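Here the structure is a predicted model, which means the values were calculated and not measured. Just so it is clear: chains get the letters A, B, ... in the order the sequence lines come, proteins before strands, and each one is counted from 1. Below, each value reflects all heavy atoms present in this structure, side chains not excepted, and no hydrogens, waters or symmetry copies.
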Amino acid sequence: DQQVKQNSPSLSVQEGRISILNCDYTNSMFDYFLWYKKYPAEGPTFLISISSIKDKNEDGRFTVFLNKSAKHLSLHIVPSQPGDSAVYFCAASPSNDYKLSFGAGTTVTVRA
Amino acid sequence: DAGVIQSPRHEVTEMGQEVTLRCKPISGHNSLFWYRQTMMRGLELLIYFNNNVPIDDSGMPEDRFSAKMPNASFSTLKIQPSEPRDSAVYFCASSLSYLSGNTIYFGEGSWLTVV
């Protein structure tokens, strides 16, 4: 039972344009959300997070938006760079709980 | 700073053999996690330790899987006997504490192939 869903397995975007990755969740107890980035043959690395008390968190080129009523979050990368080509995982957990539920990932390819 | 260190990076073994994967968490981190990544199931949590004590092993698929954490700087995940369906990437991860809001840091993974 996938509690975190990334319905787009892949995304191709031109360098300099915006990348928008989407994530939906079903568990209303989730209140902490993260995005991880993964290069081939490496482990996932933390990218950005947001708690349910916010609806937006920004870190440089990366912004995460949270819509609690829709149980939806998105990651915006602006501008996209070739080094952003990777698999991006959405993850979520309830408060005071170690269990992160991961989405299946979205492979982003940034074209030069 | 040293991150989470895993060994071996790659392992190819025959069905029925014992496999031991090793992990050194980030110094000072109290929580350690073993995850498995497969095409079918994505990233799934196998077991979680807090202060070297196994807290939740509900994700361990079968009795063939076992994990230990004898001290704060070392953990093992053992599969005995191994089967082809165990082929996957096994990630060890650590964090300062189990509470949400504490970032989990992953190792580079151990790529296991059972033939």
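- Under the 4.5 Å side-chain heavy-atom criterion for grouping Ile, Leu, Val, Met, Phe, Trp and Tyr, Met60(B) is connected to Phe49(B) within one hydrophobic cluster.
- Interatomic distance, Thr103(B) OG1 to Ile48(A) CD1, rounded to the nearest 0.5 Å: 11.0 Å.
- Grouping the Ile, Leu, Val, Met, Phe, Trp and Tyr side chains by contacts below 4.5 angstrom, directly or via other members, places Tyr90(B) with Leu32(B).
- Minimum interatomic distance between Leu100(A) and Tyr35(B) (heavy atoms only, all atoms of both residues): CB-OH, 3.8 Å.
- Atom CD1 of Ile104(B) and atom OH of Tyr36(A) lie 5.0 Å apart (nearest 0.5 Å).
- The two atoms that bring Ala41(A) and Trp111(B) nearest to each other are CA-CZ2, 3.6 Å, heavy atoms only.
- Linking Ile, Leu, Val, Met, Phe, Trp and Tyr whenever their side-chain heavy atoms come within less than 4.5 Å leaves Leu77(B) and Phe33(B) in two separate clusters.
- Using modelled atom types, no side-chain atom of Tyr105(B) and backbone atom of Phe46(A) make a donor-acceptor pair closer than 3.5 Å.
- Heavy atoms closer than 4.5 Å to chain A are found in the side chain of Ser58(B), but not in its backbone.
- Around the CZ atom of Arg17(A), the shell of radius 6.0 Å holds no more than 12 heavy atoms that belong to other residues, nucleotides or ligands.
- Among residues two or more places apart in sequence or in another chain, the ring-ring contact (aromatic ring centres under 6.0 Å, His included) test is passed with Tyr25(A) by Phe33(A).
- The part of Gln37(B) that comes within reach of chain A is its side chain, from C-beta onward, which places non-hydrogen atoms under 4.5 angstrom from that chain.
- Ile79(B) and Leu43(B) fall into different hydrophobic clusters, where Ile, Leu, Val, Met, Phe, Trp and Tyr are joined by side-chain heavy atoms under 4.5 Å apart, directly or via other members.
- Here CZ of Phe106(B) is found 13.5 Å from CD of Glu42(A). Values are rounded to the nearest 0.5 Å.
- The number of heavy-atom neighbours closer than 6.0 Å to CD of Glu14(B), taken from other residues, nucleotides and ligands shown, is 12 or below.
- Residue Tyr39(A): no heavy atom, backbone or side chain, is found under 4.5 Å from chain B.
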